[in-house]
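What follows is a single structure, written as C-alpha cells, with notes after it.
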Amino acid sequence: MTVAHAVDGLLKPDTSAHSPLLSVKDVTLQYKTREHIVTATFRVSFDVFQADRFVLLGPSGCGKSSLLKGVAGFMAPVEGSMQLNGQTIDRPGPDRMMVFQEFDQLMPWKTVQQNVMFPMLASGRCTRKEAQERALRFIDKVNLTKFRDVYPHMLSGGMKQRVAIARAMAMEPDILLMDEPFAALDALTRRKMQEELLQLWGDTRFTMLFVTHSIEEAIIVGSRILVLSPHPGRVKAELNAHQFSHAEQGRPEFGALTQRIHNMLFAERIEEEALAKAGAAHG
Amino acid sequence: MASASLITPLVRPEFEHATVEAGQIGEVERPLSTWERLTNIEWVRKAAILITLAVIWEAYARYVSNELTFPTLVQTMQALWDSTVSGPLLERTFTSLKVLLTGYALGLFIAAVFTTIAVSTRIGTDLLSTLTAMFNPLPAIALLPLALLWFGLGTPSLVFVIVHSVLWAVALNTHTGFLAVSETQRMAGMNYGLRGVRYVLKILIPAAFPSILAGLKIGWAFAWRTLIAAELVFGVSSRSGGLGWFIFENRNQLETANVFAGLTAVIIIGLVVESVVFRTIEMHTVRKWGMQR
Ligand SMILES: Nc1ncnc2c1ncn2[C@@H]1O[C@H](COP(=O)(O)OP(=O)(O)O)[C@@H](O)[C@H]1O
Ligand SMILES: [Mg+2]
C-alpha cells in the first residue's frame, strides 16, 4: 500500500489538480408525480475538475436542470452518487451557488447590494463589513456600481442576471451552478453576458457547471461539453471546447464541432422516428 | 392565376443615417403645466370629490330642513366638535380602539400559529383550509349571542367576535401567500443554508408580504365593522361603552346630529387607518419593492 502511494506520488505530483472536484457517477434522477414516475436522467456520469467551464448540453426536457438540482442538493438521486470534494452531496449548501434562468431569483425586497450581501450574511460566512466590501467588489466586476442601491424591479433582465452572478460569485463557492442564465435574454445582451462571464473566469478561474440547450453557447462558454440525449437524459459524448470563444465563431473548426454535436442530437431523433415507425408497423 | 394574385413587396433603395445629436431634437423632456401636475396628485382629486359631496349634503339638508332626520353638515360638525371637546366622544373612541387592538393582536397571534402549523404539515394545511372554508363565510356578529352566553356581557365577548373576524382572513391570506412563493426563490433561500424559522422569516414572509398585508387590511376592516355592530347590540349595559354605544345612546335621545357625529368618527378612524397607517406601510414595503403597483 505504501508502495502504491509512492508510485502514485511519482506519477501525479499535484494530486489535487488531478482528482475531480465534482464527481457524478451513474446518477438516475426521478420525479414522482401523482400518476406516474418520470425518469429525468438515466445513469449519467461525469467529472468536473478545478477551473473547468463544464457545460451540460442537451435538448429541452432532457434533464439538465434536474442534474443541476441534484448537484445543488435539492433532489436526491434514486441511483448512483454525487460527490463534491469527496463528500457525498445530501443537502443544499452555500459551497455550491446556483444562478437560475428566472429573473425572479433576486429578492425584490432587497437592493442590489443587499441581495449580493445576503447569502454571505445568511450563511454566516462573513461579517457585515467583509460582506459589504466583497459585495462592492463583485458588483463592480459586473459593472453595476451605479445601480447598487436600486431595487431589482428597476433593472433590465440582463442586469438582474448580472446581479445574480455577482451574488453567487461573491460567495466564492467551490463550484458555480448556472442553469441557462442567459436563455431569457435577447441575442445582443446574451452575447455581451457570455463575453463578460468568460472575462470574469479569466480573472478568477472559478469552476462552473453551466447548463444550456444552445450548441453555440456551449462551445463558446464551455471548456468541456457533456452532450446529453433527449429525454430521459443519457450521456452521448464528452467533448473539448476550450479552444473556442466568440473570436473563432467564423472558423471552419467551430462550424465542424457545431455540426458534429448537431448530428449527435439529431441522429437520436431520426432513430426515434424510425423506432416509432417500426412500432406502428408492428401494432 | 394564383401566382398573379400574390403581392411581392416593393424593393426600395437602402439608406443609412448618422445619428442626430439628442440635444438637437429639442423637446426630449418638458415639465408639465401646473394644472397637469396638480390634477396628477391623488389627494387633490379626492379632496375635490369630498368638497363636492359636502356641498351637496349641506344643500340637501337645508332643503329638507328637518333636524331630527337629517341634520346639516354644519350642525354635524358642531356636534362632532362639542362631543369631542366637552362630551364623551373621545373616551368612547378610546374604549373602542382598546378593545379593537386587543382583539386584533390576539387574532393575528392565533393566525400566525395556524399558518405555522399549516406550512409545516400536510394535515395542518387541510385543517386550516377546512376551518377557513367553514368559518370565513360566517359573519362574526352572528356569533355574538353565543359569545354573550359563554363570556357574559363585556369586553371578552367583544374580543371573541373580533378575533373570529380577523383570524380567518389573515390566516387564509398568509397561507395563500406562502404557497405562491416561487420555486426559484425557495431554492435560492435554501441554497444559502437557510432552514426552519430563519427560512420562514427571511424568505417566505417578505416574499409573501403583499398577500399578508392584504390579509391584515381585510382583517382590520372586518374587525372594525364587527366591533361597532356588536357595541350597538349590547353596549347599553356596559358602563364605559364604545363608539357604537355612543351612536345608540344618542339615537335613543333623538340627538340626530350626535348620531351623525358618531358615524363620522367611525368613518374618520376607518379612513385614517386605511389611508395613513396601511398606506404608509405599503409605501415603505411592497410599493418600494415593486411587488405591487
Ligand atoms: N417538478 C417536476 N415534476 C415532474 N416532472 C418533472 C418536474 N420537473 C421536471 N420534470 C420532468 O423531468 C424531465 C427533465 O426536466 P428538466 O430537468 O427540467 O429538463 P431540462 O432542464 O433539460 O429542460 C422533463 O421530462 C420534465 O417534464
Ligand atoms: Mg431546464
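The basis for the numbers below is simple: all heavy atoms, side chains too, and nothing from hydrogens, waters or symmetry mates. Here the structure is a predicted model, which is why all the values come from computation and not from measurement. Proteins come first, then strands; the chains are lettered A, B, ... in the order of their sequence lines, and each starts at number 1.
Considering only heavy-atom pairs separated by less than 4.5 Å from chain A, the leading option among Arg186(B), Lys288(B), Lys202(B), Glu183(B) is Lys288(B). Across Pro206(B), Gly290(B), Gly193(B), the residue that shares the most heavy-atom pairs under 4.5 angstrom with chain A is Pro206(B). Your options are Pro94(A), Ser123(A), Pro108(A), and the one with the most heavy-atom pairs under 4.5 Å with chain B is Pro108(A).
Within 6.0 Å of CD in Glu36(B) there are more than 12 heavy atoms belonging to other residues, nucleotides or ligands. No more than 12 heavy atoms of other residues, nucleotides or ligands shown are found within 6.0 angstrom of CZ on Phe222(B). Atom OH of Tyr31(A) sits in a crowded spot, with more than 12 heavy atoms from other residues, nucleotides or ligands closer than 6.0 Å. Enclosure of atom CG in Leu50(B) by more than 12 non-hydrogen atoms of other residues, nucleotides or ligands within 6.0 angstrom is indicated.
In this structure, the separation between CZ on Phe100(A) and OG on Ser182(B) is 9.0 Å, given to the nearest 0.5 Å. Here the CE atom belonging to Met291(B) is positioned 6.0 Å from the CH2 atom belonging to Trp109(A), to the nearest 0.5 angstrom. Taking CE from Met98(A) and CE from Met190(B), the interatomic distance works out to 10.5 Å, rounded to the nearest 0.5 Å.
Neither the backbone nor the side chain of Arg125(A) comes within contact range of chain B; no heavy atom of the residue lies under 4.5 Å from a heavy atom of that chain. Contacts of Leu106(A) with chain B are made by backbone atoms alone, with heavy-atom separations under 4.5 Å and no side-chain atom involved.
Counting heavy atoms from C-beta on, the side chains of Thr184(B) and Gln101(A) never come closer than 4.5 Å. Using a 4.5 Å heavy-atom threshold, the side chains of Arg91(A) and Arg195(B) count as touching. At a threshold of 4.5 Å between non-hydrogen side-chain atoms, the residues Met97(A) and Tyr192(B) count as touching.
For Gln185(B) (side chain) and Asp104(A) (main-chain N/O), a donor-acceptor pair under 3.5 Å exists by modelled atom type. The closest donor-acceptor contact from the side chain of His153(A) to the backbone of Arg287(B) lies at 3.5 Å or more, if one exists at all.
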Requested in this report: Check step by step if side-chain contact (heavy atoms from CB on, under 4.5 Å) holds for Thr111(A) and Trp289(B).
Outcome: CA-CA 9 Å; Thr111(A) 63; Trp289(B) 305 333; over 6 Å; no
**Report entry** Stepwise side-chain contact (heavy atoms from CB on, under 4.5 Å) test for Asn191(B) and Phe74(A)
**Finding:** CA-CA 9 Å; Asn191(B) 197 175; Phe74(A) 296 122; 4.2 Å; yes
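Here the shortest heavy-atom pairing between Arg198(B) and Ala122(A) reads NH2-O, 2.9 Å.
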